[in-house]
Protein chains: 2
Amino acid sequence: MKIIPMILIGCGGVGRQVLHHIVSCRPLHAKQGVHLRVIGVCDSRSLVAASDVLTTELNDKILLEICHVKLGGGSLSNLSNFGEIKLFFNTEAITKVIDIATLLGKATGLACVDCSASSDTVNLLKQVVDLGCCTVLANKKPLTSTIEDYNKLITHPRRIRHESTVGAGLPVIVSLTRMLSSGDPVHHIIGSLSGTLGYIMSEVEEGKPLSQVVKVAKSLGYTEPDPRDDLSGMDVARKALILARLLGQQINLGDIKVESLFPKEMGPDVMPVDDFLDSGVLSLDNDIQERVTKASSRGNVLRYACVVECSSSRCEVGLQEFPRDSPLGRLKGSDNVLVVYSRCYNERPLVLQGAGAGNDTTAAGVLADILDLQDLF
Amino acid sequence: MKIIPMILIGCGGVGRQVLHHIVSCRPLHAKQGVHLRVIGVCDSRSLVAASDVLTTELNDKILLEICHVKLGGGSLSNLSNFGEIKLFFNTEAITKVIDIATLLGKATGLACVDCSASSDTVNLLKQVVDLGCCTVLANKKPLTSTIEDYNKLITHPRRIRHESTVGAGLPVIVSLTRMLSSGDPVHHIIGSLSGTLGYIMSEVEEGKPLSQVVKVAKSLGYTEPDPRDDLSGMDVARKALILARLLGQQINLGDIKVESLFPKEMGPDVMPVDDFLDSGVLSLDNDIQERVTKASSRGNVLRYACVVECSSSRCEVGLQEFPRDSPLGRLKGSDNVLVVYSRCYNERPLVLQGAGAGNDTTAAGVLADILDLQDLF
């Protein structure tokens with residue numbers, strides 16, 4: 001039986017789902033000859049660790065209890081009296097993770113799985129990379145930190161996986177990595193990589209005012225609590241940066257041309273979210289509708305797209321027109337799509353399309369990534 | 001530097017292209033810390049091997065000379081006076097491959113890469129699997145032999161790769177494998193997996209007679225020398241079988257319902273190929289055109305599809321109607337497409353589309369497979 005010791009960082013929606021998948025897939029993984037041995041779980045302030053990380057693990061009962069506590073909005077510290085576990089808080093938690101990584105990194109191996117949405121994990125991840133550990137990320141922030149941080153994280157390209165950072169579980173990273181490693185040079189990629197903006201633009205295309213669509217999307221839970229986090233395009237820019245760096249561009253987030261769907265004077269620093277939703281967004285309706293109509297008169301539709309060109313190092317995200325009968329033009333609802341042009345996919349591109357959001361799909365991508373590391377253990 | 005010793009079986013179009021890619025990607029692979037060490041190349045009758053497989057290899061000059069000789073229609077035996085190599089013929093060649101696999105299999109490791117189109121390699125491959133070697137296949141025949149042979153070949157699922165057996169370089173196998181391993185159960189898949197039949201059906205859809213389309217396709221080199229090898233659907237059936245087995249169905253080729261586009265009395269055993277092209281195929285024009293028209297009247301188009309359903313163990317290939325505005329309905333030219341429904345990709349499926357044929361693309365898939373085995377070396 002191949003054993004993969006792992007620490008999970010972040011147990012919000014995706015992290016919880018990863019734990020659920022690990023527990024429910026035990027029989028499947030046993031059949032595959034693999035055991036995922038969870039020895040620690042962190043939330044933003046605490047670490048729950050197995051009492052002896054070399055010989056014990058967080059059993060399924062504890063993992064499900066962690067899910068239960070986190071689902072209820074609780075903290076891992078609520079677990080203090082639960083079974084054979086040890087709790088560590090704040091900086092002590094980080095120190096303990098480093099201790100574990102030092103102990104296991106070069107011995108049994110260790111996978112650090114970052115399912116948080118925090119920009120604070122990058123320093124920890126850089127250290128565990130140095131200690132010989134593998135990393136799996138659903139968290140985009142560490143990979144969109146400075147280029148120096150990025151290059152450090154990918155020091156050993158075979159020890160890092162991050163499929164779920166772009167397009168949830170869609171096989172985007174694995175496909176590009178295969179093309180690159182086989183010497184099929186990627187020329188450029190075009191993607192619609194935000195389920196939220198995909199949904200918004202396909203609703204606006206049907207004639208609904210942007211303001212109304214944004215409110216409905218928010219009420220359905222499709223947007224972040226402050227929808228400007230989606231409308232700013234910064235989430236798409238981070239995905240574009242991850243893809244551009246994968247394709248070899250040594251650039252930073254600031255180098256990407258990003259089109260925001262609202263002007264600076266409506267930004268989160270200037271205008272409260274309620275004001276934005278009550279009045280700000282209304283003033284954007286006409287402009288967007290005009291652009292949609294203009295595109296339509298040319299047989300096109302408007303999409304919030306990400307474009308990475310390898311020859312020119314162009315990397316930008318924003319509204320673009322696409323022919324109605326193209327992979328991006330045909331997109332409906334919250335589906336994501338990535339279109340890849342390379343030497344092999346030249347006249348007719350490689351197209352990857354499907355659900356690009358959802359905790360279940362994202363967590364499945366994380367799990368596939370962990371299992372794909374098994375030959376290193 | 002990670003070294004992957006490998007033997008290439010089959011140096012027709014795909015095999016030659018693999019050798020070319022290996023030579024031209026040397027700088028890229030060096031940067032990745034990998035060296036593909038080719039120690040033997042087989043054609044149908046001969047093996048060219050390095051003089052000492054433990055310490056020497058077929059250098060780039062020899063590999064390119066092999067490509068040159070094979071491109072000219074020659075045999076590997078023509079190489080006898082070329083550099084530090086040894087030649088083996090017929091059964092001696094097979095014995096030598098086994099000897100090499102015995103020597104290297106459990107020591108340095110060895111990848112046996114089957115780019116032939118032969119059904120005779122399966123016994124050799126089963127033996128090298130037993131000897132601890134990895135296998136990479138572009139050849140569909142071994143994987144579509146009996147279920148016993150198949151199960152033997154996949155004894156160690158991590159040591160076998162066969163992306164290029166279905167959809168050339170399209171990330172079909174890797175995507176399905178990731179879904180299965182992460183516990184996202186695949187419900188059913190629908191694919192258009194023959195570039196040749198894809199081309200033929202989209203031409204027929206435009207009103208051209210089947211007989212004419214087949215002749216043009218043959219003259220363009222899109223079909224096999226005897227186009228009935230494509231029109232029989234057996235090539236698609238083999239791909240369907242590979243996918244069905246990957247999804248867990250313990251079935252054989254004979255269990256698949258296959259629709260042939262010509263009747264038995266026009267089969268290769270009964271009718272010479274020239275008679276088929278001169279007269280036989282003409283008699284099929286009306287029937288196909290009627291079906292196309294009937295489909296069109298319902299807003300549908302006719303495609304030669306492969307369907308695998310996991311719940312019912314249904315596996316069939318043949319002509320089917322699809323809505324014009326569906327992934328298969330939209331397909332143009334020789335593109336392949338695979339549509340996957342699973343728990344995660346439920347209402348909106350995962351769609352993988354792109355060039356599904358061509359030696360360059362197929363060889364790139366083989367190379368990516370070999371490199372993906374590197375952690376086992």
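Remember, predicted model here, so these are calculated numbers, not experimental data. Residue numbers begin at 1 in each chain, while the letters A, B, ... track the order of the sequences. Side-chain atoms are counted along with the backbone in the values below, which use heavy atoms only and exclude waters and symmetry mates.
- Between chain A and the residues B:V339, B:L367, B:D335, the most heavy-atom pairs under 4.5 angstrom are made by B:D335.
- For A:P157, no part lies near chain B; criterion is any non-hydrogen pair under 4.5 Å.
- Here the side chains of A:L352 and B:L352 are in contact, with some heavy-atom distance below 4.5 Å.
- To the nearest 0.5 Å, atom OG of residue B:S342 and atom CG of residue A:D360 are 8.5 Å apart.
- If you tally non-hydrogen atom pairs under 4.5 Å between each of B:S175, B:A364, B:G365, B:G183 and chain A, the highest count goes to B:A364.
- Using a 4.5 Å cut-off between heavy atoms, A:L28 touches chain B through its side chain atoms alone.
- Using non-hydrogen atoms only and a strict 4.5 Å limit, no part of residues 188-201 of chain A faces chain B.
- In terms of heavy-atom pairs under 4.5 Å with chain B, the best-connected choice from A:K31, A:R330, A:M179, A:H21 is A:R330.
- Interface residue A:K332: backbone and side-chain heavy atoms are both found under 4.5 Å from chain B.
- Under the 3.5 Å distance criterion, the side-chain polar atoms of B:H29 are matched with a main-chain donor or acceptor of A:S181.
- The pair A:D369-B:R178 meets the salt-bridge criterion, with a side-chain N (NZ, NE, NH1 or NH2) lying under 4.0 Å from an Asp/Glu carboxylate O.
- Formation of a donor-acceptor pair under 3.5 Å by the B:R158 side chain with backbone atoms of A:D372 is found in this model.
- The residue among A:G354, A:C344, A:C25, A:G333 with the most heavy atom pairs within less than 4.5 Å of chain B is A:C344.
- Contacts between residues 164-174 of chain A and chain B, defined by a heavy-atom separation under 4.5 Å, are made by A:G169, A:L170, A:P171, A:V174.
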